[in-house]
Amino acid sequence: MKIDVNQKAADNIRILSMAMVEKSKSGHPGGAMGGADFIHILFSEFLNFDPKDSAWINRDRFFLDPGHMSPMLYSVLTLTGHFNVEELKNFRQWGSPTPGHPELDIMRGVENTSGPLGQGHTMAVGAAIAERFIAARFGELFAHKIFTFISDGGVQEEISQGAGRLAGFLGLNNLIMFYDSNDIQLSTETKAVTIEDTAMKYTAWGWNVLKIDGNNQDQIRKALTSAMNEKNKPTIIIGKTIMGKGLLDSEGKSFERKTSTHGMPVSEAGGSFEKSLVNLGGNTADPFLIFDEVKDLYKEILAAKSAASADWKKRKTEWASKNPELDGKLQNFFAGNIPDIDYKAIQQKEGSATRAASAAVLGLLATKIENMIVASADLSNSDKTDGFLKNTHPFKHGDFTGAFLHAGVSELTMAAVMNGMALHGGVIPACGTFFVFSDYMKPAVRLACLMRLPVKYIWTHDAFRVGEDGPTHQPVEQEAQLRLMEHLKNHHGMNSMVVIRPADGTETTVAWKMALENKETPTALILSRQNIKDLPSDNNNRYADALKSVKGAYIVQDCTGIPDIILIASGSEVSTLVEGAVLLRNDGLKVRIISAPSEGLFRNQSDDYRKSIIPENVPVFGLTAGLSVTLQGLAGPKGVVWGMNTFGYSAPYKILDEKFGFTAGNVYNQAKAYLSRYK
Ligand SMILES: Cc1ncc(C[n+]2csc(CCOP(=O)(O)OP(=O)(O)O)c2C)c(N)n1
């Protein structure tokens, strides 16, 4: 009897998925219909959640890698009461809670889905690390599972290499991945692009590999049970499924296993919506019907889930009464509270590189912020995340007592893993590499921006002053790209990201303060490889000056009255301006110098503030080691910017400074020439 109801529930998911796509005339029915058996068994028999408390910290997480299969997720989440039928009918419509690729809606049970294939299951790896990190500190009471669902596209994406390697290496036995192996992708069958033995690949990475018929509910149940009991390895369940399971054409013949049903309504693909609906036991008068027996089944299921979560909460209360201190700490972790940190007291060495200044801060953070996790893509001694590492130790297979992740040489994986940690909650993720490799991370950074995940990026070697490593390693256009992300607003009207390029050691301390206080969006720190002279402070309080960075740009050195020229830069170029200004002042010019660590934050300030820093009708000269366009917006239409408008070259950085004109002398010459032209 139960078997029949479960079959009906899966068919109901198939019907709803098909109907949503048919009604909205857009979407992906085929994959969703193939995955319906797994999703039903997972949600009804394995996934722990609290039907009335979606944000329950100890819920199991489900990460759907192929976001295009969202109809499957919405359908099962309708059975669990998170969505209603009206919302399904508005799939992909303006203002509906059922967008095509939902990125994040925890209150509705959407932990995450990935539009860009491959990132979803990699985020699941991050969540699995976060879960182990919490359990290592608070005990196995806080253990739960991370389930993820991957499709052919995700397996083919390069990021799966990083996710597979890391999960196997770390022995993430809390990670259970279902591979919906339907042999069909968007333009072709999989056999047109791959002969890979995926099972062997995951075995080689140290995974527990199970192969089943992915439409056989008994086999799904058995595989999940075995995965739940696995002690040392992540599990992949390779389920052979049928694309468009249950579909018929107008003659009543099978319309299964067709590429065309991957991404368009069944009728448009050449199948028969009505015949398929009837074949699956649906009601042609109401394709969105939820069968009574399925409703009853889910009623029972939800009651059992509520009872189980209530039981856990009872045990947690008992634990809390015995461990009040730990409980306080746990609450702070999940609330995102950070302890008070005396940033002002951090001693920065005079004239240090900002990456070294960052290491000084990180050394303190490692001892103060117990839930901070720092990662590096095999550059910890260069990007100076080793400042953090020296006060903790790296994660190892089955050991999450440390707080450092050696991510290996896999920047995109690292960035997606950080997103997964942030999505899990309870931890503060930060990761480092060379700035030029931010290019490899960008797709995950973009999702962090969209989802408002407060990941911190530590990007060092910020300019051509990388030197001898040459143009492949010398960022030029990268800052401009990130400033664009500062321009881009998230759905809450904020800059989607805060990008800070500090000008000296003290500004770096403040930049870290800002990064940690920003709990709403990602923050990037762009840091120098080379030493930088400390900026002057007129009132002998450089820290107080640097604190003005929170407004995005501020005056470092001023003149009396209206300046003859304003010099503006970020990062190490500010100190070059300070030197150039000496020469200009020798000519009797009145000079103001501005440090602008974040254009985005500056643009958020009032008109009054902005004009108090950069008044109208005063000549503005900008200096940037990035593309000139990086600063042109701040310099304004009449301003000029001396930037790098070509790739760099391989040579010692002091020579490059000379060759590219990043010297006090050139600041003087360019500024004078500009003033002579200025009207
Ligand atoms: C990074 C990325 N590249 C391309 C796409 C476009 N895309 C979406 S689904 C898909 C085919 C994937 O096939 P599969 O994962 O097997 O899904 P199924 O056909 O089973 O629904 C492609 C190419 C994407 N979403 N993300």
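These numbers come from the heavy atoms of this one structure, side chains and all, not from hydrogens, waters or symmetry mates. These figures come from a predicted structure and were not determined experimentally. Counting starts at 1 for both ligands and their atoms, following the listed order. One is the number of the first residue; the rest follow in order along the sequence.
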Taking only residues at least two apart or on different chains, which pairs with a member in residues 15-42 satisfy salt bridge (charged side-chain N to carboxylate O under 4.0 Å, His left out)? Arg14-Asp37

May I ask you to decide whether Lys191 forms a salt bridge with Asp183, counting only side-chain N to carboxylate O separations under 4.0 Å? no

Are any of the side-chain nitrogens in Lys89 or Glu86 under 4.0 Å away from the carboxylate oxygens of its partner? yes

With sequence neighbours excluded, residues passing side chain to side chain contact (heavy atoms under 4.5 Å, CB included) with Ile500: Val498, Pro502, Ala511, Met514, Thr523, Leu525, Pro597

Between ligand 1 and the protein, tabulate every N or O atom pair separated by less than 3.5 Å, reporting distance only.
| residue | atom | partner | partner atom | Å |
| --- | --- | --- | --- | --- |
| ligand 1 | 15 (O) | Ser151 | OG | 2.5 |
| ligand 1 | 15 (O) | Asp152 | N | 3.4 |
| ligand 1 | 15 (O) | Gly153 | N | 2.7 |
| ligand 1 | 16 (O) | Asp152 | OD2 | 3.1 |
| ligand 1 | 16 (O) | Ile184 | O | 2.8 |
| ligand 1 | 17 (O) | His68 | NE2 | 3.2 |
| ligand 1 | 19 (O) | Ile184 | O | 3.1 |
| ligand 1 | 19 (O) | His262 | ND1 | 2.7 |
| ligand 1 | 20 (O) | Asn182 | OD1 | 3.3 |
| ligand 1 | 20 (O) | Asn182 | ND2 | 2.6 |
| ligand 1 | 21 (O) | His68 | NE2 | 2.8 |
| ligand 1 | 21 (O) | His262 | ND1 | 3.0 |
| ligand 1 | 25 (N) | Gly115 | O | 3.0 |
| ligand 1 | 26 (N) | Leu117 | N | 3.0 |

Taking atom types as modelled, is there a side-chain donor on Glu196 or Thr198 under 3.5 Å from an acceptor on the other? yes

Compile the donor-acceptor pairs under 3.5 Å between side chains in residues 429-447 and protein atoms, sequence neighbours left out, one pair per line.
| residue | atom | partner | partner atom | Å |
| --- | --- | --- | --- | --- |
| Ser438 | OG | Phe435 | O | 2.7 |
| Asp439 | OD1 | Gln478 | NE2 | 3.4 |
| Asp439 | OD2 | Gln478 | NE2 | 2.8 |

